[in-house]
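Every number for a ligand or one of its atoms is a count from 1 in the order of the listing. Both backbone and side-chain heavy atoms feed into the values below; hydrogens, waters and symmetry mates do not.
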Amino acid sequence: MAIAGNTQHLHVKSFFAATVKDALARAHRELGPDALLLQAREAPPEARHLGACEVVLGLARETGTRPPKSVVGDPAVASQHGAIEDALVQLNAFMRTLPAPARDGGIEEALREAGIVPEMARQIAQAVRQRATRGPVVQMARPGGVCWAATASEIAAEIASRLEVRSGIGRVTALVGPPGAGKTTTLVKLAVLEGLRAGRSTRLISADTQRIGGAEQLRAFAAILGVSFLAVESAAALGQAIEAAPSCDLVLIDTPGYGPVLQSELGGDLADFLSRRQDIDTHLVLTASTQHSVLRKLVDLHRIYRPSKLLFTRLDEVESLASVYCEAVQQQMPLSYFGLGQLIPEDLEAASKERVAESLVRQLPEDLQAVA
Ligand SMILES: Nc1nc2c(ncn2[C@@H]2O[C@H](COP(=O)(O)OP(=O)(O)OP(=O)(O)O)[C@@H](O)[C@H]2O)c(=O)[nH]1
Ligand SMILES: [Mg+2]
């Protein structure tokens, strides 16, 4: 690593030992007292066999020369000391000018700016630093200078590792969620993808019968697809319709979307029924375009259904999946499917961690991605 305007180069080397103190002692024995401590950290898993602690030290040296075995009392090395000391003085002065956030490459700040909630951004940045295979890098050409040389894939992998994905649906599946979230459209997409195209006999049930015309949309779709359809007036009737279905049939249940007031007035029986029937695979349908704070309220409002998965629609309308990510991670709920538009069934795909992680990494500033 060249030091700008100087023929000296910075030789960077890691030393491992059981304690930081021992690792430092070993480093100073080999590099001498002038070596500059760049980093002390827990050794990464792949180097753990070398010692629990890793220290990384830098020492300025001439281009093309090998690092001295020992500088103490070595006349050849001593003759270089003037130049080396100059370089280290420059380096130390430079490092003192670095703004604090740049010391972690700005990953935490960039994640916050990409919409990740602060605590999560801090944890991800910290984990990325531990995951980073190349340790800290001094970048003389870059304002801000010291970066954690995590690769884009290391950042994406850390983001993805916090997510859970469980696509596929149960034999009896219900979609619940706020008004207009895309429940009916998604149910029909699932009927085609998981029912008809998979060669499974499929039944559609609408529990959306309190609203005038609520069940008609699904009835019309069922007629077009040529699958059986039933509208049920109560939770008890829903239970009977499920029992009446042949055991190999896929049963897909559409439910009405209620706001907070109607939910408590009209939604209680259905919520009681679904929350007790954990054999029914209940997905909470939400739109990716909803702000994170609102998503939180919607998840709370629909907790009475005890959904086990989150299904997000309208990914086609958003740049960032930050709120989808934060909500799924904070609720520790798996993602099932993503709605990507209005086309049936093309615009539905199994949820993937990669899609979410890549969308977030794309939000990071270009210079960070370049380092990353
Ligand atoms: N752009 C986009 N539009 C979608 C998506 N999914 C559904 N929609 C549209 O959203 C609108 C509402 O969809 P519905 O399926 O009727 O929503 P719902 O949750 O059943 O609504 P209610 O029954 O009124 O609660 C329709 O115009 C759909 O075509 C999606 O992934 N992307
Ligand atoms: Mg509907």
Side-chain angles (χ1 to χ4, degrees), residues 165 167 169 173-195 202-225 227 229-233 238 241 251-271 274 281-291 294-295 297-299 301-302 304-305 307 309-321 323-325 327-328 335-352 355-356 359:
V165 157
S167 46
I169 50 174
T173 291
L175 300 186
V176 300
K183 299 178 293 298
T184 306
T185 314
T186 305
L187 200 81
V188 178
K189 290 173 178 173
L190 287 171
V192 177
L193 291 177
E194 304 287 344
T202 302
R203 293 182 167 222
L204 300 182
I205 300 178
S206 176
D208 189 2
T209 47
Q210 311 249 12
R211 298 187 303 171
I212 295 167
E216 295 319 305
Q217 190 190 358
L218 192 62
R219 188 192 302 277
F221 277 124
I224 294 166
L225 299 179
V227 301
F229 171 81
L230 189 65
V232 293
E233 302 281 344
L238 175 59
V251 178
L252 300 176
I253 304 161
D254 192 20
T255 66
Y258 294 130
V261 177
L262 283 183
Q263 176 61 59
S264 53
E265 280 179 23
L266 301 173
D269 284 352
L270 185 58
L274 289 175
D281 187 12
T282 301
H283 302 229
L284 173 56
V285 181
L286 298 165
T287 55
S289 47
T290 308
Q291 269 180 7
V294 180
L295 278 183
K297 289 187 183 132
L298 290 172
V299 171
L301 184 66
H302 291 86
I304 51 172
Y305 291 92
K309 295 165 188 164
L310 298 177
L311 189 160
F312 279 93
T313 62
R314 297 186 184 266
L315 267 73
D316 50 307
E317 292 179 346
V318 294
E319 286 268 308
S320 165
L321 294 180
S323 47
V324 169
Y325 178 74
E327 197 51 25
L335 296 167
S336 59
Y337 287 88
F338 290 149
L340 305 167
Q342 293 179 297
L343 290 181
I344 296 172
E346 293 85 341
D347 288 339
L348 186 73
E349 69 173 31
S352 82
R355 179 186 273 276
V356 179
S359 99

Pull out every atom of ligand 1 sitting under 4.0 Å from any heavy atom of [X], numbered as shown with elements.
{"X": "Gly257", "result": "25 (O)"}
{"X": "Gln217", "result": "16 (O)"}
{"X": "Asp316", "result": "1 (N), 2 (C), 30 (C), 31 (O), 32 (N)"}
{"X": "Gly339", "result": "31 (O)"}
{"X": "Pro179", "result": "25 (O)"}

**Item:** Minimum-distance pair of heavy atoms, taken over all atoms of Val232 and Ala241
**Value:** CG1-CB, 4.1 Å
**Message:** Restricting to non-hydrogen atoms, name the atom on Arg219 and the atom on Ala231 that form the minimum distance, rounded to 0.1 Å.
**Reply:**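 So the minimum-distance heavy-atom pair works out to NH2-CB, 4.3 Å.
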**Message:** Under the rule for side chain to side chain donor-acceptor pair (under 3.5 Å), what residues qualify as partners of Lys183, not counting sequence neighbours?
**Reply:**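 For Lys183 there are no side chain to side chain donor-acceptor pair (under 3.5 Å) partners, ignoring immediate neighbours.
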**Request:** With sequence neighbours excluded, tell me which residues meet side chain to side chain donor-acceptor pair (under 3.5 Å) with His283.
**Result:**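 Listed in chain order: Asp281, Ser336.
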**Prompt:** Sequence neighbours excluded, which residues qualify as side-chain contact (heavy atoms from CB on, under 4.5 Å) partners of Ser206?
**Reply:** Asp208, Ala215, Leu218, Phe229
**Prompt:** Which protein N, O or S atoms lie under 2.8 Å from the Mg ion (ligand 2), given by chain and residue number?
**Reply:** Thr184 OG1
Answer yes or no: is there a side-chain heavy-atom contact under 4.5 Å between [X] and [Y]?
{"X": "Val227", "Y": "Phe221", "value": "no"}
{"X": "Glu233", "Y": "Gln210", "value": "no"}
{"X": "Val299", "Y": "Leu286", "value": "yes"}
{"X": "Arg314", "Y": "Asp347", "value": "no"}

**Request:** Mark the output for Asp347 as yes if a heavy-atom distance to ligand 1 is under 4.0 Å, and as no if none is.
**Result:** no
**Prompt:** Heavy atom of Gly177 under 4.0 Å from ligand 1?
**Reply:** no
For ligand 1 and [X], I'd like to know whether there is a polar contact (N/O to N/O, distance under 3.5 Å).
{"X": "Pro256", "answer": "no"}
{"X": "Thr185", "answer": "yes"}
{"X": "Lys183", "answer": "yes"}
{"X": "Thr184", "answer": "yes"}
{"X": "Leu315", "answer": "no"}

**Message:** Rounded to the nearest 0.5 Å, what separates atom CD1 in Ile205 from atom OG1 in Thr255?
**Reply:**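 Going from the CD1 atom of Ile205 to the OG1 atom of Thr255 covers 12.0 Å.
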**Item:** Distance in Å, Leu238 CG paired with Asp269 CG, rounded so as to fall on 0.5 Å steps
**Value:**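 These two atoms lie 11.0 Å from each other.
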Verify, without hydrogens or angle tests, whether [X] (side chain) and [Y] (backbone) share a donor-acceptor contact under 3.5 angstrom.
{"X": "Thr173", "Y": "Ile169", "result": "no"}
{"X": "Lys309", "Y": "Thr282", "result": "no"}
{"X": "Thr287", "Y": "Phe312", "result": "no"}

Could you check [atom] against the protein and tell me its nearest heavy-atom contact, residue, atom and distance included?
{"atom": "atom 12 (C) of ligand 1", "answer": "Gly180 O, 3.8 Å"}
{"atom": "atom 23 (O) of ligand 1", "answer": "Arg211 NH2, 2.9 Å"}
{"atom": "atom 17 (O) of ligand 1", "answer": "Gly182 N, 3.0 Å"}
{"atom": "atom 5 (C) of ligand 1", "answer": "Gly341 O, 3.5 Å"}

**Complete:** Candidates Glu317, Arg314, Gln342; heavy atom nearest atom 10 (O) of ligand 1 found on Arg314
